[in-house]
Amino acid sequence: MQNQDLTINDLDEHAQQTALTDFVKFYLRHYKTNDLEILSQYKVDYAMNDINMYLYANKNFHPDELVAGVLGLKHDLFVSILSTMDIAFNENGSLKDTTWEGWYQQEYAKVVEGK
């Protein structure tokens, strides 16, 4: 499957877990700084609202506990977000051709430029 764009749903269980964990860590960093609006360009508000309610209710958790808890309880919502975003992954679950922070900067630049 080399050089083929894989979606979150194409990944095997281990690769999908890697992809989700990386995304959850990215999501939490931006949740804490209140700058998840880049994700609002996708129709994922319903999922984000549910996830954010969990994060707010458990804000005193240790970061590792928060990652494990939100991923365990909101797994399907994160899969739904990534499916809607139509992000390309490598077979191992890493983002294809970028990192989450790199993706964020690219998307932010598009907004600043008005695209």
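Both backbone and side-chain heavy atoms feed into the values below; hydrogens, waters and symmetry mates do not. Worth saying up front: this structure is predicted, and the values here are computed from it rather than measured.
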> Under the side-chain contact (heavy atoms from CB on, under 4.5 Å) criterion, do D35 and Y108 qualify, and how do the steps go?
Replying inline: CA-CA 11 Å; D35 61 354; Y108 183 78; over 6 Å; no

>> The test is side-chain contact (heavy atoms from CB on, under 4.5 Å); show your working for N92 and T18 and say whether it passes.
In response: CA-CA 7 Å; N92 66 359; T18 297; over 6 Å; no

> When you look at V70 and L55, which way does the side-chain contact (heavy atoms from CB on, under 4.5 Å) test go after all the steps?
Replying inline: CA-CA 7 Å; V70 75; L55 295 176; 4.0 Å; yes

>> Set out, in order, the CA-CA distance, both residues' side-chain angles and the distance that settles side-chain contact (heavy atoms from CB on, under 4.5 Å) for M48 and I81, then state yes or no.
In response: CA-CA 8 Å; M48 290 177 63; I81 290 170; 4.1 Å; yes

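Exactly one residue among D10, N9, I8 makes a side chain to side chain contact (heavy atoms under 4.5 Å, CB included) with F89. That residue is I8.
How far CD of Q16 is from OG1 of T21: 10.0 Å, rounded to the nearest 0.5 Å. Taking CG of L77 as the reference point, atom OH of Y54 lies at 12.5 Å (rounded to 0.5 Å). Here the CE atom belonging to M85 is positioned 5.0 Å from the OH atom belonging to Y42, to the nearest 0.5 angstrom. A distance of 10.0 Å separates NZ in K25 from CG in L28, rounded to the nearest 0.5 Å. With values rounded to the nearest 0.5 angstrom, H14 atom NE2 is found 8.5 Å from Q17 atom CD. The structure places CD of Q106 at 11.5 Å from CD of E101, a figure rounded to the nearest 0.5 Å.
For the pair A15 and E91, the tightest heavy-atom approach, listed with the atom from each and the gap, is CB-O, 3.1 Å.
Here the side chain of Q41 pairs a donor or acceptor atom with the backbone of I38 at under 3.5 angstrom. Listed for the T84 side chain is a donor-acceptor partner under 3.5 Å among the backbone atoms of S80. In this structure a side-chain-to-backbone donor-acceptor pair under 3.5 Å is missing from Q105 to G102. Judged purely by atom type and a 3.5 angstrom limit, S83 uses its side chain to pair as donor or acceptor with the backbone of V79. Between the N90 side chain and the L95 main chain, a donor and an acceptor come within less than 3.5 Å of each other. Panel note: side chain N58, backbone F61; no donor-acceptor pair is recorded below 3.5 Å.
Contact check for T7 versus I87: no side-chain heavy atoms found under the 4.5 Å cut-off. A 4.5 Å side-chain heavy-atom check between Y31 and F26 finds every atom pair outside the cut-off. Side chains of L66 and V24 form no contact here, defined as non-hydrogen atoms less than 4.5 Å apart.
M53 and V67 fall into different hydrophobic clusters, defined by Ile, Leu, Val, Met, Phe, Trp and Tyr side-chain heavy atoms under 4.5 Å apart, directly or through other members.
Of the N and O atoms on the side chains of Y104 and T99, not one donor lies less than 3.5 Å from an acceptor on the other residue. Checking Y27 against D22 by side-chain atom types alone, no donor-acceptor pair falls below 3.5 Å.
Taking a 6.0 Å sphere around CD of E13, one finds it holds 12 or fewer heavy atoms contributed by other residues, nucleotides or ligands. For CG of N34, the number of neighbouring non-hydrogen atoms (other residues, nucleotides, ligands) closer than 6.0 Å is 12 at most.
Ring orientation note: the planes of W103 and W100 are nearly perpendicular, at an angle over 60° on the 30°/60° scale.
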